[in-house]
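Sharing a structure below in structure tokens format, with a few things to ask.
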Amino acid sequence: MRALLPLLSVGRGWRVGAAALPPRRAMSVYRTEERGQPRSPDYRLFFKNVAGHYISAFHDIPLKVDCTENLVNMVVEIPRWTNAKMEISTKEPLNPIKQDEKNGKLRFTPNIFPHKGYIWNYGALPQTWEDPHLKDKNTEFVGDDDPLDVCEIGSKVLSCGDVVRVKILGILALIDQGETDWKIIAINVNDPDAEKLNDIDDVKKFKPGYLEATLDWLRLYKVPEGKPENKFAFNGEFKNKDFALEVVNNAHECWKAMLAKKCDRGAISCVNVYVCDSPFRCTPEEARSLVESAPTHSMCKASNLEVSTEETWHFLGK
């Protein structure tokens, strides 16, 4: 089964007839399962593999694809042009996607004129972690305690829960309330423009204005909430592919240390099904029990969002 994990889905649900597709496309080995009502605190989007086993969106989907250096998996959280602040729930077992809450209300990111919602497909790189206890050598600020964020700039509007292969092109360092919040710039490998975009300068050449719009959007998106403009390291300069790959590799190493219990993970749930030698690994049966036996509403109330791994093992009878 582990041999199937590097394969990557190109959309939600199952894909048939994969052998007839171009070599660049792979059979979909991930699908999603909705629980609770969309646009409600109860809503969760869980991930399953080709065998129908529940998996962690954070830990069980591999980062790297086919050992290609700048080709990685991206979990789509927020489709382009939408506003609901969907995100991988790092503190809940198996890390489903949910809508973020603030002061007991679901979060929606405001429109930033002249745009509607997010201007890219926005998501995360699985198996990466920005350690909040480790000062980034490039920015001198600690990490933001999340997986690395991705801005996918292809032409297709993707869906929440899609797992797509993306090519890394560059990176931007946003500084959010004293924390480093890296933004990876990438493109879906199946996008018509993917062949000609190989580094950040190609984005400037073939998608003029896109990086400038990205900088403005990220600088201003919290202002409608009464917050100050966001700041950036390097005076808002986009760094190239090689710089981005170094950041990704470092975040992957931080994730590995966390899954090996070699650092302070705080409230993050590290429960996984397929990470070899991880002390947080559970069986597929235990993962299913974890999802199906816990009432949805008990997982979603604001007072109950931070579910520790120790509590998870207690639930599983470990």
Side-chain angles (χ1 to χ4, degrees), residues 56-61 63 72 74-75 77-78 85-103 107 109 122-151 168 171-184 218-219 221-222 225 227-234 236 239 243-272 275 278-280 299 302-313:
S56 164
F58 189 178
H59 307 305
D60 287 317
I61 298 172
L63 170 65
V72 294
M74 170 190 178
V75 178
E77 298 166 310
I78 307 173
K85 186 70 169 63
M86 309 300 294
E87 62 182 16
I88 291 173
S89 180
T90 60
K91 297 174 182 177
E92 294 182 11
L94 300 181
N95 316 111
I97 289 178
K98 67 178 182 67
Q99 188 167 355
D100 191 25
E101 293 182 74
K102 184 177 181 180
N103 299 325
R107 288 186 63 189
T109 300
Y122 192 75
L125 294 187
Q127 296 189 347
T128 64
W129 180 52
E130 298 187 69
D131 190 338
H133 307 290
L134 186 64
K135 185 177 290 187
D136 190 286
K137 67 177 183 180
N138 296 296
T139 68
E140 296 298 317
F141 291 97
V142 297
D144 71 347
D145 202 23
D146 280 324
L148 287 172
D149 296 323
V150 189
C151 301
I168 294 175
I171 195 169
L172 176 69
L174 186 150
I175 306 302
D176 186 358
Q177 299 180 338
E179 297 176 337
T180 304
D181 188 4
W182 291 106
K183 307 297 182 184
I184 301 289
L218 290 169
R219 179 170 57 86
Y221 80 99
K222 292 185 178 181
E225 301 174 351
K227 296 182 179 179
E229 295 182 0
N230 279 326
K231 305 296 183 182
F232 302 90
F234 315 113
K239 296 297 186 178
F243 191 104
L245 288 173
E246 182 179 354
V247 171
V248 171
N249 289 332
N250 288 340
H252 185 50
E253 291 302 314
C254 288
W255 171 83
K256 288 196 290 187
M258 177 174 65
L259 265 287
K261 224 173 185 178
K262 294 181 179 179
C263 62
D264 180 6
R265 70 186 185 282
I268 288 181
S269 173
C270 294
V271 176
N272 67 86
V275 181
S278 169
F280 306 105
M299 297 172 62
S303 62
N304 232 0
L305 281 175
E306 296 190 4
V307 182
S308 70
T309 303
E310 284 76 18
E311 290 172 324
T312 302
W313 289 142

- Item | Heavy-atom side-chain contact between V275 and W255 under 4.5 Å |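 Result yes, sub-4.5 Å side-chain heavy-atom pair found.
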
- What's the verdict on side-chain hydrogen bond (donor to acceptor under 3.5 Å, both in side chains) for K85 and Y122, showing C-alpha distance, side-chain angles and the deciding distance? CA-CA 10 Å; K85 186 70 169 63; Y122 192 75; over 6 Å; no

- Item | Closest contact, heavy atoms only, I88 versus A124 |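 Between these two residues, the closest heavy atoms are CD1-CB, 4.2 Å.
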
- Task: Say whether N272 and S56, considering side chains only, have a donor N or O and an acceptor N or O under 3.5 Å apart.
- Result: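 Their side chains do not contain a donor-acceptor pair, so the 3.5 Å distance test is not met.
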
- Check whether NZ of the Lys or CZ of the Arg K239 lies under 6.0 Å from the centre of the six-membered ring of F234 and within 45 degrees of that ring's axis.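 Yes.
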
- Q99 versus R107, closest heavy-atom pair with distance: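 Looks like NE2-O, 2.9 Å.
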
- Item | Side chain to side chain, D181 and I175, heavy atoms closer than 4.5 Å |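 Side chain of D181 against side chain of I175, heavy atoms only: no contact under 4.5 Å found.
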
- Would you check if there is a donor-acceptor pair between the side chains of S89 and N95 at a distance under 3.5 Å?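 The criterion, which ignores hydrogens and geometry beyond distance, is not satisfied for S89 and N95.
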
- How far apart are the closest heavy atoms of F58 and M258, and which atoms are they?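 Shortest heavy-atom contact: CZ-CE, 4.0 Å.
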
- Task: Give, for atom CG of L218 and atom NZ of K231, the distance between the pair rounded to the nearest 0.5 Å.
- Result: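 Output value for this atom pair is 14.0 Å.
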
- Step by step, would you call L63 with T128 a side chain to side chain contact (heavy atoms under 4.5 Å, CB included)? CA-CA 8 Å; L63 170 65; T128 64; 3.9 Å; yes

- Message: One pair to check against side-chain hydrogen bond (donor to acceptor under 3.5 Å, both in side chains): W182 and D136. What are the steps and the verdict?
- Response: CA-CA 10 Å; W182 291 106; D136 190 286; 3.1 Å; yes

- Task: State, yes or no, whether a side-chain contact exists between K135 and E140 at a heavy-atom distance under 4.5 Å.
- Result: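 Touching, per the 4.5 Å side-chain cut-off.
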
- Item | For I184 against I171, the heavy-atom pair lying closest together |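 Nearest heavy atoms, I184 then I171: CD1-CD1, 3.4 Å.
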
- Message: How close do E87 and E77 get, counting heavy atoms only, and between which atoms?
- Response: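 It is CA-OE2, 3.4 Å.
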
- D100 bridged to K102 by N-O distance under 4.0 Å: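 Salt bridge between D100 and K102, a charged N being under 4.0 Å from a carboxylate O: no.
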
- Item | Salt-bridge present (E225, K222; N to O < 4.0 Å) |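 No.
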
- Message: Is it true that K227 and Y221 share a donor-acceptor pair across their side chains at a distance under 3.5 Å?
- Response: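 No, because no side-chain N or O of Y221 sits under 3.5 Å from a partner of the opposite role on K227.
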
- Query: Donor-acceptor pair, H59 side chain versus V271 backbone, under 3.5 Å?
  - Reply: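 No; judged by distance alone, with no hydrogens or angles, the pair does not exist.
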
- Message: As an exercise, state the distance from CG of L148 to CD of Q127, rounded to the nearest 0.5 Å.
- Response: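 L148 CG to Q127 CD: 12.5 Å, rounded to 0.5 Å.
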
- Message: With rounding to the nearest 0.5 angstrom, report the SG to CG distance, C270 to L259.
- Response: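 These two atoms lie 5.0 Å from each other.
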
- Query: Closest approach of S269 and L94, non-hydrogen atoms and distance?
  - Reply: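 Minimum heavy-atom separation between S269 and L94: OG-N, 4.4 Å.
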
- Message: Is it true that D145 and W129 share a donor-acceptor pair across their side chains at a distance under 3.5 Å?
- Response: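 Note: W129 and D145 side chains meet the donor-acceptor criterion.
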
- Item | Of I97, L125, V150, the residue whose pairing with V75 passes side-chain contact (heavy atoms from CB on, under 4.5 Å) |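 Of the listed residues I97, L125, V150, the side-chain contact (heavy atoms from CB on, under 4.5 Å) partner of V75 is I97.
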
- Can you find a heavy atom in the side chain of H133 that is under 4.5 Å from one in the side chain of C263?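 No, side chains not in contact.
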
- Message: Within this structure, what is the NZ-CG distance for the pair K183 and L172, rounded to the nearest 0.5 Å?
- Response: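 That separation rounds to 9.0 Å.
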
- Task: Using the salt bridge (Lys or Arg N to Asp or Glu O under 4.0 Å) rule, take K137 and E246 through it: C-alpha gap first, then chi angles, then the decisive distance, then the call.
- Result: CA-CA 11 Å; K137 67 177 183 180; E246 182 179 354; 2.8 Å; yes

- Query: How far apart are the C-alpha atoms of E130 and E179, what are their side-chain angles, what is the distance that settles it, and do they pass the side chain to side chain contact (heavy atoms under 4.5 Å, CB included) test?
  - Reply: CA-CA 9 Å; E130 298 187 69; E179 297 176 337; over 6 Å; no

- Message: Any heavy-atom pair between the side chains of I168 and V72 that's under 4.5 Å?
- Response: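 Counting from C-beta outward, V72 and I168 do come under 4.5 Å.
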
- Query: Say you draw a straight line from CG of N249 to SG of C254; how long is it, rounded to the nearest 0.5 Å?
  - Reply: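 Going from the CG atom of N249 to the SG atom of C254 covers 11.0 Å.
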
- Step-by-step side chain to side chain contact (heavy atoms under 4.5 Å, CB included) determination, D144 to T180: CA-CA 6 Å; D144 71 347; T180 304; over 6 Å; no

